[in-house]
Colleague: 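Shown below is the structure under consideration.
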Amino acid sequence: MRASKRAGRKRAPANEVHVSGAEGLYEESELSPAVRRYLQRALQHPRGKPDKVVITIEEVGDRPLRVPLLPVSTASCGSPNEARSLIVQMLRSLGITKKAVTNALRVVTAQPVMRGAALVRIRSGARAEPDRQRGVRVSRLGIEKSSLPLLGRRLASARLNTSIVREALTLASKVAAHPDIVAELCISDDPGYTTGYIASKQGGYVRIPHIKEPGDLRGGRIFFIREDTAIAPLIAYLETAPVIVCTGKK
Ligand code: WAQ
Ligand code: MG
């Protein structure tokens with residue numbers, strides 16, 4: 001689902017502002033209720049009322065790949081300032097250069113927000129996504145149904161069993177599973193949602209409270225990639241490879 005609104009009076013696509021987006025993997029029998037939920041979600045978004053909602057449904061041929069769910073933890077962080085130092089420290093410890101971190105922070109504090117994620121090379125800090133407004137949109141992902149009860153219990157004990165956390169954790173797990181991905185930085189673009197995260201294979205999914213001030217409409221996602229990553233196959237994986245995230249046991 002993709003919801004947008006026109007910024008000015010002109011109908012030109014360049015004036016389209018991103019409101020919200022979401023994606024998933026469904027059985028045919030689940031489609032009608034899923035489409036309803038996406039429409040509801042598009043129409044009631046905290047970023048505002050869209051004037052255009054596009055829902056695309058595509059048949060997926062390949063059997064989904066199974067990848068492990070990242071372990072979840074929450075960092076202690078009391079302010080956006082503290083969050084900034086924490087982000088720099090965590091990303092630097094994953095081998096990401098200062099320059100790449102600076103470039104990434106510039107993207108997530110810029111306006112207007114991107115619809116998708118920026119790809120940043122870990123050494124040079126160079127941006128690698130072909131379309132800098134759109135970014136790369138991760139799609140075709142879901143949680144294995146038989147993993148939901150265990151995930152629900154794990155998150156419930158930390159009072160985190162919300163759709164926003166489950167969806168972010170699913171996306172982060174798909175992204176982290178790719179060998180060229182070193183880390184992900186995420187800041188919600190919802191004005192009321194001030195917890196972000198850094199995810200990586202090594203460190204898991206680390207939530208960062210107070211990553212931005214309430215009311216701030218900025219946000220975004222950065223995928224830090226190995227310096228020599230071949231971009232086309234990475235984007236094919238992120239955008240079109242069906243992936244089901246599971247809690248471990250086969
Ligand atoms: N693929 C790539 N980038 C995306 C996608 C996607 N499917 N969806 C969103 N983005 C980018 C886009 O630039 C958005 O502006 C930005 O991420 C933020 O998206 O554990 O709500 O959907 O409590 O606002 C984190 C939860 C929630 C933390 C993140 O992101 C926690 C969130 P939002
Ligand atoms: Mg959002």
Side-chain angles (χ1 to χ4, degrees), residues 1-5 16-25 38 41-42 44-48 50 56 69-75 77 83 87 104 106-120 127-142 151 154-156 158-176 178 181 184-199 203-212 214 216-225 234-243 245:
M1 177 276 290
R2 171 176 184 223
S4 58
K5 63 182 172 199
E16 258 180 40
V17 178
H18 170 75
V19 176
S20 73
E23 36 276 299
L25 268 178
Y38 280 125
R41 191 166 156 168
Q44 296 165 359
H45 202 274
R47 286 176 60 80
T56 307
L69 193 78
L70 291 173
V72 180
S73 61
T74 302
C77 177
I87 289 167
R106 201 173 294 137
V107 175
V108 294
T109 51
Q111 252 171 337
V113 295
M114 294 169 66
R115 269 171 64 202
L119 303 178
V120 172
R127 295 274 292 275
E129 71 280 11
D131 179 338
R132 286 205 182 190
Q133 265 170 20
R134 177 180 180 278
V136 174
R137 194 77 207 178
V138 182
S139 190
R140 303 199 180 171
L141 70 174
L151 175 66
R154 270 198 213 162
L155 295 178
R159 297 194 188 176
L160 293 177
N161 198 13
T162 62
S163 62
I164 195 160
V165 175
R166 280 196 307 267
E167 280 183 19
L169 183 56
T170 306
L171 185 147
S173 299
K174 174 176 179 178
V175 172
H178 193 281
I181 298 277
E184 175 189 354
L185 167 66
C186 170
I187 301 179
S188 175
D189 57 15
D190 300 11
Y193 206 87
T194 58
T195 302
Y197 67 84
I198 287 178
Y205 177 96
V206 184
R207 309 177 61 243
I208 305 176
H210 306 291
I211 203 164
K212 71 173 188 181
D216 193 340
L217 282 161
R218 295 171 304 171
R221 275 186 162 91
I222 309 294
F223 301 155
F224 294 93
I225 59 175
L234 173 64
I235 293 182
Y237 169 79
L238 295 170
E239 298 198 328
T240 60
V243 167
V245 175

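First listed ligand is number 1; within each ligand, the first listed atom is number 1. Residue indices begin at 1 and follow the sequence shown.
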Colleague: If you measure from the Lys or Arg side-chain nitrogens to the Asp or Glu carboxylate oxygens, is any gap between K174 and E23 under 4.0 Å?
Modeller: no

Colleague: With distance as the sole test, does D131 use its side chain to make a donor-acceptor pair with the main-chain N or O of R134 at under 3.5 Å?
Modeller: yes

Colleague: In Å, rounded to the nearest 0.5 Å, how long is the span from CE of M1 to OG1 of T56?
Modeller: 11.0 Å

Colleague: So if I count the atoms of ligand 1 from 1 in the order they appear, which ones are less than 4.0 Å from some heavy atom of M114?
Modeller: 12 (C), 13 (O), 14 (C), 15 (O)

Colleague: Going by heavy atoms, is T74 under 4.0 Å from ligand 1?
Modeller: no

Colleague: Side chains of L234 and V136: does their closest heavy-atom pair fall under 4.5 Å?
Modeller: no

Colleague: Do any N/O atoms on Y193 end up under 3.5 angstrom from N/O atoms on ligand 1?
Modeller: yes

Colleague: Is G21 in contact with ligand 1, taking contact as a heavy-atom separation below 4.0 Å?
Modeller: no

Colleague: Looking only at protein heavy atoms, which one is nearest to atom 27 (C) of ligand 1, and what is the separation?
Modeller: I164 CG1, 3.9 Å

Colleague: Just to confirm my output: which protein heavy-atom neighbour is closest to atom 29 (C) of ligand 1, and how far is it?
Modeller: C186 SG, 3.6 Å

Colleague: Using a heavy-atom cut-off of under 4.0 Å, does the side chain or the backbone of R207 touch ligand 1, or both, or neither?
Modeller: side chain

Colleague: Checking the side chain of R137 only, and the main-chain atoms of G116 only, is there a donor and an acceptor separated by less than 3.5 Å?
Modeller: no

Colleague: Hey, does the side chain of E129 reach the backbone of L119 with a donor-acceptor pair shorter than 3.5 angstrom?
Modeller: yes

Colleague: Can you report which non-hydrogen protein atom sits closest to atom 21 (O) of ligand 1, along with the distance?
Modeller: S188 OG, 3.3 Å

Colleague: From the options V136, V72, I208, T194, select the one whose nearest heavy atom is closest to atom 2 (C) of ligand 1.
Modeller: V136

Colleague: Does L238 approach ligand 1 within less than 4.0 angstrom via side chain, backbone, both or neither, non-hydrogen atoms only?
Modeller: neither

Colleague: What part of L160 sits under 4.0 Å from ligand 1 if we count only heavy atoms: the side chain, the backbone, both or neither?
Modeller: neither

Colleague: What are the two closest heavy atoms between A83 and I211, and how far apart are they?
Modeller: CB-CA, 3.8 Å

Colleague: Is it true that a side-chain atom of R218 and a backbone atom of Q111 form a donor plus acceptor pair closer than 3.5 Å?
Modeller: no

Colleague: Between S20 (side chain) and A42 (backbone), is there a donor-acceptor pair under 3.5 Å?
Modeller: no

Colleague: What is the closest protein heavy atom to atom 28 (C) of ligand 1, and at what distance does it sit?
Modeller: Y205 OH, 3.3 Å

Colleague: Roughly how far, to the nearest 0.5 Å, is the OH atom of Y193 from the OG1 atom of T162?
Modeller: 5.0 Å

Colleague: Record the part of R115 in heavy-atom contact with ligand 1 below 4.0 Å; permitted values are side chain, backbone, both and neither.
Modeller: backbone

Colleague: Identify which protein N/O/S atoms are less than 2.8 Å from the Mg ion (ligand 2).
Modeller: D189 OD1, D190 OD1

Colleague: With side chain to side chain donor-acceptor pair (under 3.5 Å) as the test, would you mind laying out the steps for R221 and Y197 before giving the verdict?
Modeller: CA-CA 10 Å; R221 275 186 162 91; Y197 67 84; 3.1 Å; yes

Colleague: Check each heavy atom of S139 against ligand 1 and say whether those closer than 4.0 Å belong to the side chain, the backbone, both or neither.
Modeller: neither

Colleague: To check your reading of the model: name the closest protein heavy atom to atom 16 (C) of ligand 1, its residue, and the distance in Å.
Modeller: G220 CA, 3.6 Å

Colleague: Might you point out which heavy atoms bring G21 and R41 nearest each other, and give the distance in Å?
Modeller: O-NH2, 4.3 Å

Colleague: Would you say the side-chain atoms of R127 pair up with the backbone N or O of A118, donor to acceptor, closer than 3.5 Å?
Modeller: no

Colleague: Enumerate the atoms of ligand 1 whose separation from the nearest heavy atom of V165 is less than 4.0 angstrom.
Modeller: 20 (O), 23 (O), 31 (C)

Colleague: Roughly how far, to the nearest 0.5 Å, is CG of L171 from SG of C186?
Modeller: 8.0 Å

Colleague: I need the nearest protein heavy-atom contact for atom 24 (O) of ligand 1: residue, atom name and distance, please.
Modeller: D189 OD1, 2.7 Å

Colleague: Students should be able to answer this: which protein heavy-atom is nearest to atom 18 (C) of ligand 1, and at what distance?
Modeller: I187 O, 3.5 Å

Colleague: Any salt bridge linking R115 with E16? Criterion: basic side-chain nitrogen under 4.0 Å from a carboxylate oxygen.
Modeller: no

Colleague: Does an N or O anywhere in V138 fall below 3.5 Å from an N or O of ligand 1?
Modeller: yes

Colleague: Which heavy atom of S173 sits nearest to which heavy atom of L69, and what is that distance?
Modeller: OG-CA, 3.6 Å

Colleague: Tell me: protein heavy atom nearest atom 17 (O) of ligand 1, and distance?
Modeller: R221 NH1, 3.1 Å

